[in-house]
There are 2 protein chains.
Amino acid sequence: MIRVLLADDEHLIRGAIASLLSLEPDLTVVAQVGRGDEVAAAVAEHRPDVVVLDIEMPGLDGLSVAESMPGQAVVILTSFGRPGYLRRAMAAGVRGFVPKDAPAEELAAAVRKVHAGGRYLDPELAASAMMAGECPLTDRERDALSLAARGASVSEIAVSLRLTEGTVRNYLSNAIMKLGASNRITAIRAAQEMGWI
Amino acid sequence: MIRVLLADDEHLIRGAIASLLSLEPDLTVVAQVGRGDEVAAAVAEHRPDVVVLDIEMPGLDGLSVAESMPGQAVVILTSFGRPGYLRRAMAAGVRGFVPKDAPAEELAAAVRKVHAGGRYLDPELAASAMMAGECPLTDRERDALSLAARGASVSEIAVSLRLTEGTVRNYLSNAIMKLGASNRITAIRAAQEMGWI
DNA sequence: CTGGGCTTTTGACAAATGTCACCCGGTCGG
DNA sequence: CCGACCGGGTGACATTTGTCAAAAGCCCAG
């Protein structure tokens, strides 16, 4: 019997996925949590074989949680298959990655594969991640753009990053150019689409 | 036995919710679809007692689907409880509205209530919708802002709406002011948060 | 019909954003 | 060592965006 811990912020979805996994005779859901920052304690208490993590969660996002527990068998389950997410998950040693629009059997299959020490990647997603490639932005450009995405103005970004306004404008301009965007808003959308910020 | 039709674009979630509803002895899921524009045909074919609709779907969004079938018992199920969504759903004659982060039993309860001719509103959400009130933007302001949200520049918006650039700037400025934002980006975020664009 | 209150429209002006050419300091190959 | 290259940082300048005061049209109550 494979013992599973389930973390997802949407209560109803969490219950629904638990019900789905419970249909499998060899899987049992031993605990459920709704916040990223509660996962560590729950893992310590219940010692699950596999942890299924949503990425979008309050407290701490699923990728950060995965990074904080190397060695733990983890399957990432996420709404949208952003190529950058997959890349980050791989870097954190995650061996299973399933988008929420995958067929229902894929999740159970992924849990079994990961429990057995193997890898499971959604084929669709793996392909698009290959296409997408690396994030073309430098660290500072990404810093500036992600603050802009939260609605900050140039002067606020400058204060946050301890830079002059001119520098910030320059980073944003570079980001806009590299992303093939025409202004800040389209640049933000493009970067979010790819999971880069 | 209450016959339910389920529409949600995320395959895995759809299966999970179906599994959850099937646990209830008096409910049965007679069909599932993954696109808004396939709902009408499926309803005609299967004649379900209640239709459970996600809002975010390709093809046609859940609210538009609900508007197109007055009289049909509908429960709206959505990821995020935007007050504007609830308002639009009520206007379309929807009698059940459940956010995805509600407790798992709420969905089955909502389906039963709606099937019996009653209403079911998530209490949390009803409260925040009361707080939020009507969208303060005029039609043209909303037009301009939603184009801006898709990344259009002032001049592009002006062409789309057949206006001069000055007028468009004025609309965006009014929207920014009414929403208590400090620039276009925060205004877009605020309006999306409330489900107004 | 008359006037008040609303949206829509406008252009002039001020402020923020985007672009450019450039400097500085590592570091990598020859 | 030297130069090419890359990322970080900067200010001056052009363009876009945001604000303001005002005018025209529309609808409704009086």
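Letters go in sequence order (proteins before strands), and every chain restarts at 1. Values reported hereafter were calculated over all heavy atoms of this structure, with side chains retained and with hydrogens, waters and symmetry mates removed.
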Once you round it to whole Å, what is the distance between P of dG7(D) and CE of M177(A)?
12 Å
Taking R162(B) for its side chain and A158(B) for its backbone only, find out whether a donor-acceptor pair lies under 3.5 Å.
no
Rounded distance (Å) that lies between atom P of dT10(C) and atom CG of N174(B)
14 Å
Donor-acceptor under 3.5 Å (R189(A) side chain, A149(B) main chain)
yes
Under the side chain to side chain donor-acceptor pair (under 3.5 Å) rule, what pairs show up with a residue in residues 38-51 of chain A, not counting sequence neighbours?
none
Of the candidates dT17(D), dG18(C), dA21(D), the side chain of R184(A) sits closest to dG18(C)
Assuming nearest nucleotide by heavy-atom distance, tell me which of N183(A) and V168(B) is located more 5' along DNA chain C.
V168(B)
Give a yes or no on whether a salt bridge exists between K100(B) and D9(A), defined as a side-chain N under 4.0 angstrom from a carboxylate O.
no
Does a side-chain N or O from Y171(A) land closer than 4.0 Å to OP1 or OP2 of dG18(C), or not?
no
With the side chain defined as heavy atoms from C-beta on, D139(A) is closest, among dT17(C), dG8(D), dT19(C), to dG8(D)
Ignoring backbone atoms, establish whether R169(B) has a side-chain N or O less than 4.0 Å from OP1 or OP2 of dT16(D).
no
In whole angstroms, the gap separating P of dT8(C) from CD of E141(B) amounts to 7 Å
Between I157(A) (CD1) and dT17(C) (P), how many Å, whole number?
8 Å
Are the side chain of N170(B) and the backbone of S173(B) linked by a donor-acceptor contact shorter than 3.5 Å?
no
Atom pair distance, as rounded to whole Å: CG in L147(B) and P in dT17(D)
13 Å
Quick one: label T164(B) by what it contacts on the DNA or RNA (base, sugar-phosphate, nothing), any heavy atom closer than 4.0 Å.
sugar-phosphate
What's the closest nucleotide to the N170(A) side chain, out of dG18(C), dG18(D), dC20(C)?
dC20(C)
OP1 or OP2 of dG8(D) versus the side-chain N and O atoms of T138(A): is any pair under 4.0 Å?
yes
Starting from P on dT17(C), measure out to CD on E165(A) and report it in whole angstrom.
8 Å
Examine the base of dG8(D) for any acceptor or donor lying under 3.5 Å from a partner atom in the side chain of R140(A), and report the outcome as yes or no.
no
Atom-pair distance (CG on L172(B); C1' on dC20(D)), nearest Å:
15 Å
So, is S153(A) close to the dA16(C) phosphate, meaning a side-chain N or O under 4.0 Å from OP1 or OP2?
no
Taking CD1 from I185(A) and P from dA16(C), how many angstroms apart are they, rounded to a whole number?
17 Å
